[in-house]
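Down below is the structure, laid out as structure tokens.
Just so you know, ligand 1 is whichever comes first in the structure, and atom 1 is the first atom listed for that ligand. Residue numbers start at 1 and run along the sequence shown.
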Amino acid sequence: MTTAPSAPEIADLVRKVIAELTQSGGVSGAPAASLPSGFVGAVPPEPSATASCGRPAAAHGIHATVNDAVAAATTAFHQLEALGMEGRRRAIAHIRRIAIEDAEELGRMEFAETKIGRLEHKIEKLKVLGEKVPGVEFMTSEVFSGDHGLAVIEHAPFGVIAAITPVTHSLPTIGCNAINMIASGNTVVVNPHPSGRGVAAEGVRRFNAAIHRDLGIDNLVSLVAEPTLESAGELFNHRGVKLICVTGGPAVARAALQSSKRAIVAGPGNPPVVVDATADLDRAARSIIQGAAYDNNLLCIGEKQVFVVDSVFDRLLAAMERAGALRLTGSQVDALTKRAIVMAGEGAHRHPVPCKELLGQDAAVLARAAGAHAAEGLELVFGETDVDNPFVPTEQMMPFVPFVRCRDIDEAIQRAHDSEHGFRHTAIIHSNDVRAMTRMGRLLDTTLFVKNGPSVAGLGLGGEGYLSFSIATPTGEGVTTPLTFTRQRRCTLVDDLRVLGSPDALA
Ligand code: NAD
């Protein structure tokens, strides 16, 4: 196994590869100066990717302009079409293999570049995407067979899809979107979050280099090397783009919903947890820590605030401490709240948001900001708050979770509902009362509803089901799959090919 590079080594690699690519012309239409700062190369250029053989250099997905990226993805779409399902399967196999085999190295790059979350989970997210994101096996067709013959409903690609990806999982979202979209025969142009564009470019380059070497197609996944809000807007409105898929917070979700094109929107969440008197409290505590501490609570599905019935409140907090979380005192919670949550927006739109300095930082950093001492290996800090504490309505994306004492289960469910803001994203309950589960499920009406486990179980990690890092919430497609990115086509044959029935009945 190769050792993953450290941050300074990554910087060296960046300089080396930029020089290498500049000589070989490996970025479509781009002067070297416009390469992303974190751009690192490790796959040696193949012979056909060099300018010296007289053919244009392979861009391996990295493009200076939206126009170049869409043009390359359009060519790739037609080439993929010609290779059929087997071509899609082979292309995806390379993305899976690279996500798994290079997880350590790419995970380190993502961590070094974005400076948020936890290294072990950056690595794990790449591995699980390689293993668990559904591919061509999801491409089923439906048939109606009857007295008037056959109608087959098949799922066709859209063409070039525009994808906007978040900083919280830059390359994992791209890898996952790419597997889904290529499985259904599409190609994709990504406008990544600017703070995760280096690792995004490196992952995309590796995916394309391997696919090109095997199948002779480049740019199945294309990327705008210097992403901006303007390039996102240009991509949304580009004639060559047939569908939009955004994964991100409220601003980008709103922008996509206002677009004139069909959009699949994986928007923000603020997942509440309810714990009632029938719950297994130790299991609940372990689950809350596992979900909320994962990647320092950057996941959109991660546990963000907990509502507990009064009769078990103190016992649950004791269980949290036994399970390794650090309980803050009231004054420590106040100190952390002042540091961690700031106000943004103007007038009626003024609202609390997490401060950049603490977003995605380790529990030990939060503990210190609160004036507490953190033991080695601390994963989560928590504390009792009232329902008006800004940590309750805010998607904090940091490993501090507020616990709110509630009179009874009805109050807990109602408060959980209010704190979720109607995003209809994710909710969690720990209970053995099926009526309580049912009531909460109905009131919150969320896309994911997890019972008696950590939030990640809702994505098939410790629970049943498949994985995606894009969970389409306001637009309703749910955990995205290859079929999410398809158009239905119906093919009807009148009076023939239903082979059931009497041969004498044929006219
Ligand atoms: P973000 O909204 O700041 O950025 C997401 C992407 O949108 C980035 O590429 C950004 O450059 C772009 N963007 C932002 N405003 C835009 C606009 N007006 N027009 C076009 N593009 C715009 O989010 P983030 O901090 O990167 O990620 C965290 C957020 O994403 C959280 O709210 C989280 O809940 C959400 N998220 C949701 C899912 C899901 O599956 N539903 C998955 C991951 C993250």
Salt-bridge present ([X], [Y]; N to O < 4.0 Å):
{"X": "Glu357", "Y": "Arg339", "result": "no"}
{"X": "Arg415", "Y": "Glu411", "result": "yes"}
{"X": "Glu105", "Y": "Arg206", "result": "yes"}

Tell me which protein heavy atom sits closest to [atom], plus the residue, atom name and distance to 0.1 Å.
{"atom": "atom 20 (C) of ligand 1", "result": "Ala232 CB, 3.6 Å"}
{"atom": "atom 17 (C) of ligand 1", "result": "Leu229 CD2, 3.6 Å"}
{"atom": "atom 26 (O) of ligand 1", "result": "Val167 N, 2.8 Å"}
{"atom": "atom 36 (N) of ligand 1", "result": "Cys300 CB, 3.7 Å"}
{"atom": "atom 40 (O) of ligand 1", "result": "Ile471 N, 2.6 Å"}
{"atom": "atom 9 (O) of ligand 1", "result": "Thr165 O, 2.7 Å"}
{"atom": "atom 14 (C) of ligand 1", "result": "Val252 CB, 3.8 Å"}
{"atom": "atom 34 (O) of ligand 1", "result": "Glu395 OE2, 2.5 Å"}

Is Gly233 close enough to touch ligand 1? Criterion: a residue heavy atom under 4.0 Å from a ligand atom.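 Judged by the 4.0 Å heavy-atom criterion, Gly233 does not count as contacting ligand 1.
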Answer with yes or no whether His425 contacts ligand 1, where contact means a heavy atom under 4.0 Å from a ligand atom.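 Contact check His425 vs ligand 1: positive.
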Below 4.5 Å, heavy atoms only, C-beta onward: do [X] and [Y] meet side chain to side chain?
{"X": "Ile301", "Y": "Tyr294", "answer": "no"}
{"X": "Lys122", "Y": "Leu298", "answer": "yes"}
{"X": "Asn297", "Y": "Val401", "answer": "yes"}
{"X": "Thr337", "Y": "Thr385", "answer": "no"}
{"X": "Ile174", "Y": "Val188", "answer": "no"}

With heavy atoms only and a cut-off of under 4.0 Å, state how Pro227 meets ligand 1: side chain, backbone, both or neither.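 Near ligand 1, Pro227 shows nothing, with every heavy atom at 4.0 Å or more.
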Residue portion contacting ligand 1 (non-hydrogen atoms closer than 4.0 Å) for Ser470: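 Within the 4.0 Å criterion, Ser470 contacts ligand 1 through backbone atoms alone.
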Minimum heavy-atom separation for Ile92 and Ile179, please, with both atom names.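 Reported closest heavy-atom pair: CD1-O, 3.6 Å.
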Nearest neighbour of atom 2 (O) of ligand 1 from the list Ala255, Gly360, Gly249, Pro354, on a heavy-atom basis: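 The residue whose heavy atom sits nearest atom 2 (O) of ligand 1 is Gly249.
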Which of these, Pro250, Pro271, Gly248, has its nearest heavy atom closest to atom 35 (C) of ligand 1?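 Nearest heavy atom to atom 35 (C) of ligand 1 lies in Gly248.
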Can you sort out which atoms of ligand 1 are near [X], meaning under 4.0 Å from one of its heavy atoms?
{"X": "Pro194", "answer": "11 (O)"}
{"X": "Gly267", "answer": "37 (C), 38 (C), 39 (C), 41 (N)"}
{"X": "Thr247", "answer": "5 (C), 38 (C), 42 (C), 43 (C)"}
{"X": "Ile164", "answer": "6 (C), 7 (O), 9 (O), 12 (C)"}
{"X": "Gly269", "answer": "34 (O)"}
{"X": "His169", "answer": "43 (C)"}

Are Ser184 and Asn186 close enough that a side-chain donor and a side-chain acceptor fall under 3.5 Å?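 Yes.
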Please name the residue in the list Asn180, Asn177, Thr484 that meets the side-chain hydrogen bond (donor to acceptor under 3.5 Å, both in side chains) test with Ser470.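 Single pass found, and it is Asn177.
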Would you indicate whether Arg327, at its atom CZ, is surrounded by more than 12 heavy atoms from other residues, nucleotides or ligands within a distance under 6.0 Å?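 Counting other residues, nucleotides and ligands, CZ of Arg327 exceeds 12 neighbours.
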